[in-house]
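Working notes, structure below.
If you're wondering where the values come from, they're calculated on a predicted model, not measured in any experiment. Read the numbers this way: they start at 1 and go in the same order the structure lists the ligands and their atoms.
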Amino acid sequence: MSVRQALIILNGVAILAIVAVIAVRVLSLRRNPEPTPPPNKTPFLPDEDLEGRRLERVGGWSLLFVMVIAVSLPVYFLVEPDRQVDADEQFEERSVERGAVLFANEQSEAYDSTVSLGCADCHGVDGTGGSATQVLQPEDPSCEPDAEVTAGTPQVCRPVQVSWQAPALDVVLLRYDRAQVTQIITFGRPGTPMPAWGVASGEGSKNEQSIDDLVNYLASIQITPDEARKASTKALEQARDKAAADAEDAQQAVTDAEAAVGAAPPDELAGAQEELADAQDTLAAAISWRDQLAATSDGQIAFQLQCARCHTKGWSYFDPLDPDAALPPGPMGGGAFGPNLTGGAELRQFPGATGIEEQVLFVAEGVAPNKPYGVRGISSGRMPHFNQTLTEEQIQLIIDYERTL
Ligand code: HEC
Ligand code: HEC
């Protein structure tokens, strides 16, 4: 039994005792309706009795109680702030634990089949990013909306299933403040696989506290800005090497597939030839992507790594090794969740030399919701800030590139 429970029981017993005493007094009044003489007419104890042992005993007890209070009040005064801090910490720890359970999927340690929401399915078990399948509806104007898909439906009018990159969340609080992350989890990202989870959205089932638990959990898994900047520097430095390595792997796969065709018994030949054709397609795509990246500026590669998922339509599901898997992405920077940056839009939004500085500030530090930026911009708070995940040099490279769009 905890101290708290013991105190509750003690209080309960005291209240019962008071009720019992009152009841006994009331009942005894009923039983002796004869009025006793009023107290001021009854003779009281003589002085000898009053000033005897009884008085000393009562005085002794009073002194004892006064001492208990005199000691316990300062002790309480000294201990209470620590107790409050402890309670706060424990509250925070429990919130993070609840958040971890909500975030978990079957592969996570914290998984609880009745509570977990499976964020980890898309964002990775440790929140370092992953992907989600999404079905895209056809957009070609010649397609009949809501028409049933049959064998005769032309390719452009068929829904396509794509693999949509879900961003890493172990840096999300380096890019956004808490309020914005709370907003995203509550309302989701319409038009992407990210669902709305909050009751406030009218679609989700989670109350404010659960969303808060999720944000606290995310806060507990954030890496440091230094680590984040190192990771983005590495990704930028290695982008071209990675494309070259992918092309080598694809070349090896073709060589292997050719050998398999040579060695295939007649009944497996068709299958082996099909695999060879696939491997050759991948190789062609890998070589084309490698050559494209070799001719792409660092600023554009950094933009593709950091910004294109929001500012370029279809970039989240573009796979350079399988470019025909979905419609090709829209023009780089042509707008998606974030606005179209092409056609000199940024030269107009942030004109001149002071404009460049303001644009750097906007991208590096962000602008609070409802505050103006540039010539005619009003921030909605949805654009992340990048000064904690990118180096100043990278931000400058990206902005130099953006201003050529
Ligand atoms: C079905 C897959 C899926 C699930 C489940 C999912 N997400 Fe997402 N989430 C995504 C995708 C995809 C995006 C990126 C959307 C985009 O392209 O703008 C995203 C974006 C986010 C973002 C914004 C990150 C940024 O930098 O843009 C946050 C925060 C987030 N998710 C948190 C969560 C949390 C918390 C949960 C669980 C309660 C969750 N997600 C569950 C797919 C998912
Ligand atoms: C999570 C999605 C997202 C990402 C990632 C993102 N942006 Fe944005 N961006 C937005 C949104 C949304 C806006 C619109 C402004 C607003 O809502 O406050 C915006 C606006 C902008 C603007 C102002 C455009 C104008 O003319 O009003 C610039 C410049 C910009 N982003 C640059 C970048 C750069 C550079 C990066 C990468 C380093 C980037 N963005 C990454 C979502 C994003």
Side-chain angles (χ1 to χ4, degrees), residues 99 102-105 116-124 127 129-134 162-169 171-176 180-198 204-206 210-211 213-215 217-218 232 299 302-312 314-317 333 335-342 344-350 355 358-364 366-387 389-390 394-403 405:
L102 289 172
F103 191 86
N105 70 355
S116 295
L117 302 173
C119 314
D121 279 340
C122 298
H123 290 284
S131 64
T133 44
Q134 171 92 335
V162 296
S163 173
W164 193 300
Q165 296 303 310
L169 298 183
V171 286
V172 73
L173 285 154
L174 303 180
R175 291 193 301 250
Y176 283 120
Q180 194 55 228
V181 175
T182 306
Q183 171 96 356
I184 298 170
I185 300 174
T186 306
F187 293 93
R189 281 256 170 85
T192 85
M194 173 66 188
W197 299 97
S205 62
K206 294 292 139 194
S210 295
I211 306 279
D213 291 344
L214 278 163
V215 179
Y217 170 68
L218 290 180
S232 58
F303 182 88
Q304 288 172 349
L305 290 170
Q306 305 293 338
C307 324
R309 70 182 172 94
C310 292
H311 286 284
T312 303
W315 194 255
S316 289
Y317 49 85
F337 177 56
N340 183 351
L341 308 173
T342 65
E346 294 324 283
L347 300 180
R348 289 189 291 278
Q349 183 72 284
F350 302 100
E358 207 196 329
Q359 191 178 356
V360 169
L361 267 185
F362 177 74
V363 173
V367 166
N370 303 319
K371 296 282 179 223
Y373 67 83
V375 177
R376 292 293 305 264
I378 291 188
S379 171
S380 69
R382 295 202 201 102
M383 160 78 186
H385 55 257
F386 287 91
N387 57 359
T389 51
L390 299 183
Q394 285 167 28
I395 293 178
Q396 192 62 54
L397 274 177
I398 294 176
I399 284 176
D400 290 346
Y401 165 70
E402 265 183 358
R403 295 178 76 85
L405 284 171

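Taking every non-hydrogen atom of Ser316 and a distance limit under 4.0 Å, the qualifying atoms of ligand 1 come out as 17 (O). Shown in contact with Trp197 at under 4.0 Å from a heavy atom are these atoms of ligand 1, numbered in order with element: 5 (C), 36 (C), 37 (C), 38 (C), 39 (C), 41 (C). Which parts of ligand 1 touch Ile184 is read off a 4.0 Å heavy-atom cut-off, strictly below it: atoms 22 (C), 23 (C), 28 (C). Near Ala132, the atoms of ligand 1 lying under 4.0 angstrom from a non-hydrogen atom of the residue are 2 (C). Residue-ligand proximity, Pro167 to ligand 1, at heavy-atom distances under 4.0 Å covers atoms 13 (C), 14 (C), 19 (C), 24 (C), 25 (C). Atoms of ligand 2 found under 4.0 Å from any heavy atom of Arg382, numbered from 1 in the order shown, are 12 (C). In the vicinity of Val363, heavy-atom distances shorter than 4.0 Å reach the ligand 2 atoms 32 (C), 35 (C). Less than 4.0 angstrom separates some heavy atom of Ser379 from each of these atoms of ligand 2: 18 (O). Every atom of ligand 1 with a heavy atom of Arg175 under 4.0 Å away is listed here by number and element: 25 (C), 26 (O). The Leu214 neighbourhood of ligand 1 comprises atoms 38 (C), with distances under 4.0 Å to a heavy atom of that residue.
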Check against side chain to side chain contact (heavy atoms under 4.5 Å, CB included), Leu169 and Phe103: CA-CA 11 Å; Leu169 298 183; Phe103 191 86; 3.9 Å; yes
Step-by-step side chain to side chain contact (heavy atoms under 4.5 Å, CB included) determination, Trp197 to Phe187: CA-CA 7 Å; Trp197 299 97; Phe187 293 93; over 6 Å; no
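A distance of 9.5 Å separates CG of Leu174 from CG of Asn387, quoted to the nearest 0.5 Å. For the atom pair CD (Gln183) and CZ (Arg382), the distance works out to 8.0 Å, reported to the nearest 0.5 Å. The distance from the OH atom of Tyr176 to the CG atom of Leu218 is 13.0 Å, given to the nearest 0.5 Å. Residue Trp315 holds its CH2 atom at 8.5 Å from CG of Leu305, rounded to the nearest 0.5 Å. Asn340 contributes atom CG, which lies 9.0 Å from atom CG of Leu405 (distance to the nearest 0.5 angstrom). A distance of 8.5 Å separates CD1 of Ile211 from NZ of Lys206, quoted to the nearest 0.5 Å.
When only interatomic distances are considered, the shortest N/O to N/O separation between Arg189 and ligand 1 falls below 3.5 Å. Below 3.5 Å of separation, one finds no N or O of Gln359 facing any N or O of ligand 2. Residue Trp164 has at least one N or O atom closer than 3.5 Å to an N or O atom of ligand 1. Ligand 2 has no nitrogen or oxygen under 3.5 angstrom from a nitrogen or oxygen of Arg309.
In this structure, of Gly377, Pro384, Ala364, Ser380, the residue bringing a heavy atom nearest to atom 16 (C) of ligand 2 is Ser380.
Between the Gln134 side chain and the Val162 main chain, no donor and acceptor come within less than 3.5 Å of each other. Here the side chain of Glu358 pairs a donor or acceptor atom with the backbone of Gly374 at under 3.5 angstrom. Judged purely by atom type and a 3.5 angstrom limit, Ser131 has no side-chain atom pairing as donor or acceptor with the backbone of Ala166. Although no hydrogens or angles enter the test, the distance criterion places no donor-acceptor pair under 3.5 Å between the side chain of Thr312 and the main chain of Arg309. Between the side chain of Ser316 and the backbone N or O of Gln165, no donor-acceptor pair lies under 3.5 Å. The backbone N or O of Gly381 lies less than 3.5 Å from a partner atom in the side chain of Ser379, making a donor-acceptor pair.
Look at Gln165 and you'll find a heavy atom under 4.0 Å from some atom of ligand 1. At least one heavy atom of Gly118 lies less than 4.0 angstrom from ligand 1. Distances shorter than 4.0 angstrom occur between a heavy atom of Tyr176 and an atom of ligand 2. Ligand 2 is approached by Gly381 to a heavy-atom distance shorter than 4.0 Å. For Phe337, the closest heavy-atom approach to ligand 1 does not fall below 4.0 Å. Within the structure, ligand 1 lacks Asp121 among the residues with a heavy atom less than 4.0 angstrom away.
Residue, atom and distance of the protein heavy atom nearest to atom 25 (C) of ligand 2 are Gln349 NE2, 3.5 Å. Taking atom 14 (C) of ligand 2 as the reference point, the nearest protein heavy-atom neighbour is Pro339 CD, 3.3 Å. Protein heavy atom nearest atom 11 (C) of ligand 2, with residue, atom name and distance: Gly338 CA, 3.6 Å. With respect to atom 9 (N) of ligand 1, the closest heavy atom belonging to the protein is His123 NE2, 2.8 Å. Looking only at heavy atoms of the protein, atom 32 (C) of ligand 1 is closest to Met194 CE, 3.5 Å. Of the protein's non-hydrogen atoms, Phe362 CE2, 3.5 Å is the one closest to atom 23 (C) of ligand 2. Of the protein's non-hydrogen atoms, Glu346 OE2, 3.0 Å is the one closest to atom 26 (O) of ligand 2. Remark: minimum distance from atom 37 (C) of ligand 2 to any protein heavy atom is reached at Cys307 SG, 1.9 Å. Looking at atom 38 (C) of ligand 1, its nearest protein heavy atom turns out to be Cys119 SG, 2.6 Å. Nearest protein heavy-atom neighbour of atom 28 (C) of ligand 1: Leu169 CD2, 3.7 Å. Of the protein's non-hydrogen atoms, the one nearest atom 35 (C) of ligand 1 is Ile185 CD1, 3.6 Å. In terms of protein heavy-atom proximity, atom 15 (C) of ligand 2 is nearest to Tyr373 OH, 3.6 Å.
Checking Cys122 against atom 8 (Fe) of ligand 1, every N/O/S atom stays at or beyond the 2.8 Å cut-off. Contact annotation: Cys310 places no N, O or S atom under 2.8 Å from atom 8 (Fe) of ligand 2.
Between Val181 and Leu173, the closest heavy-atom pair is CG2-CD2, 3.8 Å. Considering all non-hydrogen atoms of both residues, Ala132 and Pro193 come closest at CB-CB, 3.8 Å. The heavy-atom pair separating Arg376 from Gln349 by the smallest distance is N-OE1, 2.9 Å.
Gln306 and Gln394 are not linked by any side-chain donor-acceptor pair at a separation below 3.5 angstrom, with hydrogens and angles left out of the test. No hydrogens or angles considered: nothing links the side chains of Arg175 and Gln180 as a donor-acceptor pair under 3.5 Å.
Counting heavy atoms closer than 4.0 Å to ligand 2, residue Leu341 contributes side-chain atoms (C-beta onward) but none from N, CA, C or O.
The angle Met383:SD - atom 8 (Fe) of ligand 2 - His311:NE2 amounts to 180°, with values rounded to 10 degrees.
By the 4.5 Å heavy-atom criterion applied to side chains, Lys371 and Ile378 are not counted as neighbours.
Between His311 and Phe303, the ring planes lie tilted relative to each other; the angle falls in the 30° to 60° range.
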